[in-house]
Protein chains: 2
Amino acid sequence: MAKRSKPEPSVFDETCSARHALELIAGKWPMLILSALAESPMRHGALMRRVGGVSQKMLTQTLRDLERNGLITRQDHQCVPPHVEYELSALGGTLAGALIELDRWAEHNFPQLDAARERFDAAQRRSKRRP
Amino acid sequence: MAKRSKPEPSVFDETCSARHALELIAGKWPMLILSALAESPMRHGALMRRVGGVSQKMLTQTLRDLERNGLITRQDHQCVPPHVEYELSALGGTLAGALIELDRWAEHNFPQLDAARERFDAAQRRSKRRP
DNA sequence: CTGTATCCTGTATGATACTG
DNA sequence: CAGTATCATACAGGATACAG
C-alpha cells in the first residue's frame, strides 16, 4: 500500500474535497442567498430584493454555482414571461441550519465587533504617534 | 421621528453592521484559522502547519484582522526568539461552535457535492454538443 | 520564530447595456 | 422576468526577499 494512515477527510487538508466544500460558501453572497432560500423558495427578483446589495450578475452567477453543487434546485416553468423558482435541495437544507446560526451570531454580536475594532484602531493610532 | 420601523438588525440589510460581521468570516482563511484555534491556542508556526496551504502573508494578515475585531487575542511573550501565541477570545469562542458545525458539514457531505458537480457538468456538455 | 515589504497575477465584484 | 455580454476595477492571494 502506498499510503498507510486513513484518509481522514479534513477541511485543514488543502488537497481534500472538504476544503472545496467550505470554499463554496466562503464568498460574499452564497451564505446570504442560501439563508434567504432557507426562509422560503424564491424567484430571481424576490432574491434581488431580499439580499440587499447583490447585483443581478452576482446573483445569477452564485445561483448557478450553488445549483451546480446540488445545494439548490432550479424550477423553470417555461412560460412567458419567464418564471423561475429557486429552492433549497435536501442537501442544501442540511447546510441551512449552520448558516442561520451564523446569521444569528452576526446579528447578535456585531456591536461587540464594532467596539473591538474601534479600540484596536485607537490603540494603533496611539502607537503610531509615539514610535 | 425620521424612521418609524425598528432597526431590526439583519444580515440581509447591506447597510447593517451585521453584514460586516458576516463578511469578516467570508474569506478563504478566517473560518479555518478560527476552527484551528478552537481546537487549541497555537503559535504562528503551528497554525501554518495545521491550516494546509495558507501562506505566511495571509496567515499574518488574517490573524491581524481577527484580532482587530476582537475574535482572537495575541500574546506576545516579548522574548528572543519571538514567542507569540494566539487564542480565541470569549467572543471568538461563541463563533467557534457554528464554525465547527460547518466544518463537519463539509467533511461529511463533500462526496455529494462532488457527485452533483459531475452530474451538472455532464448535463452541460450534453446540451452544448446538441444546441 | 514571527513578521514586514514588495511585486505580480487572477479572480471576484460591479456598472451598464442588451436579448428572449 | 430572467438572463447574457462586455468592460473596468479592486482586492485577494501568492512568491520572494528581508528584518528584529
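Chain letters run A, B, ... following the sequence lines, proteins first and then strands; every chain starts at 1. Note that this is a predicted model, so its numbers are computed, not measured. For the numbers below, each heavy atom of this structure counts, side chains included, while hydrogens, waters and symmetry mates do not.
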Chemist: Report, as a single string ordered 5' to 3', how protein heavy atoms within less than 4.0 Å touch nucleotides 3-20 of chain D: B base, S sugar-phosphate only, - not at all.
Modeler: BB--------BBB----B
Chemist: Report yes if the side chains of A:Thr62 and A:Leu32 come closer than 4.5 Å at any heavy-atom pair, otherwise no.
Modeler: no
Chemist: Considering the terminal five base pairs at each end of the helix from C:dC1-D:dG20 to C:dG20-D:dC1, what angle separates the two local helix axes, rounded to 10°?
Modeler: 50°
Chemist: Quickly work out the A:Ile33 CD1 to C:dA12 C1' distance and round it to whole Å.
Modeler: 14 Å
Chemist: Kindly give the heavy-atom pair with the smallest separation between A:Leu59 and A:His44, and that separation in Å.
Modeler: CD2-O, 3.5 Å
Chemist: CD of B:Gln78 versus C1' of C:dC1: gap in Å, rounded?
Modeler: 14 Å
Chemist: Looking at A:Arg50 and A:Glu39, does any basic side-chain N land under 4.0 Å from a carboxylate oxygen?
Modeler: yes
Chemist: Can you tell me if the side-chain N/O atoms of A:Arg43 get under 4.0 Å from OP1 or OP2 in D:dC1?
Modeler: no
Chemist: May I have the distance from B:Arg19 (atom CZ) to C:dT13 (atom C1'), rounded to whole angstrom?
Modeler: 13 Å
Chemist: Rounded to the nearest angstrom, tell me the gap between atom CD in A:Glu67 and atom P in D:dA2.
Modeler: 15 Å
Chemist: Can you check whether A:Tyr86 reaches A:Leu63 side chain to side chain, under 4.5 Å on heavy atoms?
Modeler: yes
Chemist: Is A:Leu99 close to A:Ser35 at the side-chain level, that is, under 4.5 Å between some pair of heavy atoms?
Modeler: yes
Chemist: Please check: side-chain N/O of B:Asn69 versus main-chain N/O of B:Leu71, any donor-acceptor pairing under 3.5 Å?
Modeler: no
Chemist: Kindly indicate whether the side chain of B:Met31, heavy atoms from C-beta on, has any atom under 4.5 Å from the side chain of B:Leu102.
Modeler: yes
Chemist: Does this structure show an ion pair linking A:Asp13 with A:Arg19, if we count only N-O contacts that are shorter than 4.0 Å?
Modeler: no
